[in-house]
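Take a look at the structure below.
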There are 2 protein chains.
Amino acid sequence: MEKCEQCIVRQFSSLKALNKEELLKMAECKTSYTIKKGEPIFEEGEVTNGIYCVKDGVCKLSKLSDNGKDQIVKLVKPGELLGQRSMISDEPANLSAVALEDMEVCFIPKSEVMQFFTDNNQFSMNVMRTICDDLKDADDHMVNMAQKTVRQRLVETLIYLEETFGKNDDDSLRIQLSREELAGMIGTATESCIRLLSELNKSGFVELTGKKITILDKNKLKRFA
Amino acid sequence: MEKCEQCIVRQFSSLKALNKEELLKMAECKTSYTIKKGEPIFEEGEVTNGIYCVKDGVCKLSKLSDNGKDQIVKLVKPGELLGQRSMISDEPANLSAVALEDMEVCFIPKSEVMQFFTDNNQFSMNVMRTICDDLKDADDHMVNMAQKTVRQRLVETLIYLEETFGKNDDDSLRIQLSREELAGMIGTATESCIRLLSELNKSGFVELTGKKITILDKNKLKRFA
DNA sequence: TACAAAATATGATATTTGTCATACATTTTT
DNA sequence: AAAAATGTATGACAAATATCATATTTTGTA
């Protein structure tokens, strides 16, 4: 059984409020999983009964729309928690979580987390703040979806991806999304996404090399959108 | 000074967890306001330093987008609280709150609410659940904005308005929104909104009489969208 | 009441975006 | 290595939506 004390999730998430004793209790009841790229951690409608700590790898949170398309609501990176909202609302998951890369996660059962919740005020305050941040992001995201063009959303998404997940040595985006997934983030048809990427490529704002996307001049790109 | 005990907000919001003593404390420090239709309760970017209880009247929560249009994120009705997220995140308001009807609200200073927060576990749990509900709604709303057509969003919004705010004696929607505001809810240009309403009118799904909108057959309308 | 201002409505048109077909490239499987 | 499957790219076209212009109606107010 691995200790939780040095874990990246402990350092960056609401769990930083837990003391040594609580961390030991958590280490005892946690279950570690390896999730392969493309596999789900949980699916929309599933009863999760706990939260997941993302130790390594990025996943997408998405929801299937009536039109059959999968809208990506959020990307989650190492150090973050998954499933807090469902746990607190005591509801099945509203979103599916699917690995975009090979992942390492730990599952903490609900009973354990709720214990921390009542015993440790700082922890519950941290969770509350995290959810408030998510709510703000969701509201802003909604306004963008409603008011911005597909081109603007594509450009902003590319910049977000670079700033949030970083670049490879060759300056290409570190995170690898298929065109379909990228379209699912910006809320458009895959073909439209491909076409607009092509256009950005021809105009010299980005470079496309196979699956790799490289932003050539971030500021020019921003101004263009 | 009015008592809070019988207030509609106390009955329906997170405040239902407060005991008599806490309610008395709250009644002492609250400030009551009358807000006229069209006036703001607070504006985006403003430091609110507390929460508002909506005793009467409906207001819109909206955000100004880069393109100069105001996107309505949520409508808030009597019995609900305003400004919880900003208070918890300790940030200026992310959204503007503007009265759609004459309103009665009470302001409770942050210091007071935070006291309840630490002293009354049930209250903080209620607030947390409310924010979780808001987050789920926001995520779903975002998916709709990204994936549904303007016509679908208009139809769903009309049905939402009827189901949430009810009908007048003549069956028209009780809540009065200008065409511009309705467009701001569904995320489209005012002209597009007017045109689609016209179309629904000509097709016999709704009836337009001046500002009044009447849904003629909700089920047929749903199926149409 | 009459006037000005604002809101609603509609036409004409441009632009954006989606859909379907098909080609090409890459990856996976056999 | 060949074949199949999947992902990416592009053209042609249709549909949805935005924009601009201009009536028409409603509302607020002098």
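Hydrogens, waters and symmetry mates play no part in the numbers below; they use all other heavy atoms, side chains included.
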Leu196(A) backbone acceptor or donor facing Arg151(A) side chain under 3.5 Å: no
Nucleotide of dT8(C), dT8(D), dG18(C) approaching Ser178(A) most closely (side-chain heavy atoms): dT8(D)
Interatomic distance, Ile186(B) CD1 vs dA16(D) P [rounded to whole Å]: 15 Å
Between dT17(C) (P) and Asn67(A) (CG): distance, integer Å: 16 Å
Residue mapping more 5' on DNA chain C - nearest nucleotide basis, Ser198(B) or Thr188(A): Ser198(B)
Nucleotide nearest Glu191(B) (side chain, heavy atoms from C-beta), chosen from dT16(C), dT19(C), dT10(C): dT10(C)
Nucleotide dT8(C), atom P - distance to CG of Leu197(B) in whole Å: 10 Å
Separation of atom CD1 in Ile194(B) from atom C1' in dT26(D), rounded to whole Å: 13 Å
Sugar-phosphate only, base, or nothing, as touched by Thr190(A) at under 4.0 Å among non-hydrogen atoms: nothing
Whole-Å gap separating C1' (dA16(D)) and CD (Gln147(B)): 15 Å
Touch class at under 4.0 angstrom, heavy-atom based, for Lys69(B) against every strand present: sugar-phosphate
Donor/acceptor link under 3.5 angstrom from Arg195(A) side chain onto base of dT19(C): yes
Atom-pair distance (CG on Leu182(B); P on dA7(C)), nearest Å: 15 Å
Minimum-distance nucleotide to Ala189(B) side chain [options: dA18(D), dC20(D), dA21(C)]: dA18(D)
Given dT8(C), dT10(D), dA9(C), the nucleotide with the shortest approach to the side chain of Lys202(A): dT10(D)
Distance below 4.0 Å between Ser192(B) side-chain N/O and dA18(D) OP1 or OP2: yes
Gap between atoms CG and C1', on Leu196(A) and dA9(D) respectively (whole Å): 13 Å
Spacing of NZ belonging to Lys148(A) relative to CG belonging to Asp66(B), to within rounding of 0.5 Å: 4.0 Å
Modelled atom types, side-chain donor and acceptor of Ser62(B) and Asp70(B), under 3.5 Å: yes
Any Arg179(B) side-chain nitrogen or oxygen under 4.0 Å from OP1 or OP2 of dA9(C): yes
Between dA7(C) (P) and Lys211(B) (NZ): distance, integer Å: 7 Å
The single option from Ile41(B), Leu81(B), Val76(B) passing side-chain contact (heavy atoms from CB on, under 4.5 Å) against Val54(B): Val76(B)
Ala146(A) vs Leu208(A), nearer the 5' end of DNA chain D by closest nucleotide: Leu208(A)
Verdict with supporting geometry, Phe224(A) and Phe205(A), ring-ring contact (aromatic ring centres under 6.0 Å, His included): CA-CA 9 Å; Phe224(A) 171 68; Phe205(A) 295 112; 4.5 Å; yes
Nucleotide nearest Thr149(A) when distance is taken to its side chain, options dT17(C), dA12(C), dT8(C): dT17(C)
Trace of the side chain to side chain donor-acceptor pair (under 3.5 Å) decision for Lys63(A) with Asn94(A): CA-CA 7 Å; Lys63(A) 179 153 187 159; Asn94(A) 186 42; 2.7 Å; yes
Residue Val150(A), side-chain heavy atoms: nucleotide from dC20(C), dT17(C), dT8(D) that is nearest: dT17(C)
